[in-house]
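This report refers to the structure that appears directly beneath it.
Source: prediction; values computed, not measured.
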Amino acid sequence: VQLQASGGGLVQTGGSLRLSCAASGFTSRDYTIGWFRQAPGKEREGVSFLRNADNKRVNADSVKGRFTISRDNAKNTVYLQMYSLQPEDTAVYFCAATKRNLIISSLWAMSSYDYWGQGTLVTVSS
């Protein structure tokens, strides 16, 4: 079971990026997928989640209206489309997966996830 995160890079303030989380060894549509990020010197935080049971999407307040999580079942890949990027979005972004049915509050806990990707760096210049 592997998750491969990609798509990070350097972008100017107001720009866009699309991150990908490619799953191998399992069918991602059967799993809840979460995107987390960790900025330099800060703790890892939850950003956006797609729950397997009902395809419910949950976003952190800091990214609402700017980030969208989606799933392409044919490619076994989950995406994080990011618009209107700001310098405070600069971080290493990780995707994570679990087959457990999580309540909303549990989506935010890193301990809820069984598999993690390696992270992809997003840098937003001012």
Side-chain angles (χ1 to χ4, degrees):
V1 173
Q2 274 193 321
L3 292 171
Q4 180 76 33
S6 62
L10 175 64
V11 64
Q12 290 186 332
T13 296
S16 302
L17 280 174
R18 188 179 75 163
L19 306 184
S20 299
C21 177
S24 58
F26 67 99
T27 303
S28 64
R29 68 172 180 265
D30 295 333
Y31 286 68
T32 288
I33 304 293
W35 282 99
F36 292 78
R37 67 185 180 186
Q38 188 165 16
K42 294 189 177 181
E43 292 187 355
R44 195 171 299 187
E45 63 175 2
V47 175
S48 189
F49 307 94
L50 181 55
R51 193 164 64 176
N52 56 347
D54 54 3
N55 278 325
K56 184 174 180 62
R57 292 166 171 79
V58 177
N59 289 312
D61 288 344
S62 59
V63 305
K64 278 181 182 176
R66 300 190 300 121
F67 290 13
T68 301
I69 188 170
S70 63
R71 193 195 303 271
D72 185 332
N73 292 332
K75 295 184 178 180
N76 211 25
T77 298
V78 174
Y79 300 101
L80 184 67
Q81 178 69 57
M82 306 185 294
Y83 298 103
S84 300
L85 284 162
Q86 304 298 313
E88 53 266 33
D89 295 316
T90 294
V92 178
Y93 284 72
F94 301 87
C95 58
T98 180
K99 203 169 185 180
R100 285 178 273 180
N101 292 319
L102 299 177
I103 60 175
I104 298 297
S105 59
S106 295
L107 291 171
W108 304 93
M110 290 188 289
S111 59
S112 295
Y113 297 85
D114 302 305
Y115 308 107
W116 287 82
Q118 84 289 1
T120 184
L121 176 62
V122 172
T123 304
V124 185
S125 63
S126 57

Sequence-distant partners of Tyr83, side chain to side chain contact (heavy atoms under 4.5 Å, CB included), two or more places apart: Ser16, Gln81
Could you label the plane-to-plane angle of the Phe49 and Trp108 rings as parallel, tilted or perpendicular, counting under 30° as parallel and over 60° as perpendicular? perpendicular
Considering residues at least two apart in sequence or located in another chain, which fulfil the side chain to side chain contact (heavy atoms under 4.5 Å, CB included) criterion with Thr123? Leu10, Thr90, Leu121
Pairing residues for Arg29 by the side chain to side chain donor-acceptor pair (under 3.5 Å) criterion, not counting sequence neighbours: none
Disulfide bond (SG atoms under 2.5 Å apart) contacts in which one or both residues fall within residues 34-86, not counting sequence neighbours: none
Treating Arg57 as the side-chain partner and Ile69 as the backbone partner, does any N or O pair qualify as donor plus acceptor under 3.5 Å? yes
Partners passing side chain to side chain contact (heavy atoms under 4.5 Å, CB included) against Lys75 (at least two apart in sequence or in another chain): Asp72, Thr77, Tyr79
Listed once per pair and sorted, the disulfide bond (SG atoms under 2.5 Å apart) pairs that draw on residues 7-42, sequence neighbours left out: Cys21-Cys95
Any salt bridge (charged side-chain N to carboxylate O under 4.0 Å, His left out) pairs touching residues 3-14, not counting sequence neighbours? none
With Tyr93 via ring pair (Phe, Tyr, Trp, His ring centres under 6.0 Å) - residues at least two apart: none
Please enumerate all residues that pass side chain to side chain contact (heavy atoms under 4.5 Å, CB included) together with Gln118, with sequence neighbours excluded. Gln4, Ala5
Which pairs, with at least one residue in residues 103-126 and sequence neighbours excluded, count as a salt bridge (charged side-chain N to carboxylate O under 4.0 Å, His left out)? Arg100-Asp114
Under the salt bridge (charged side-chain N to carboxylate O under 4.0 Å, His left out) test, which residues partner Lys64, sequence neighbours left out? Asp61
Please list, chain by chain and in numerical order, all residues satisfying ring pair (Phe, Tyr, Trp, His ring centres under 6.0 Å) with Phe67, sequence neighbours excluded. none
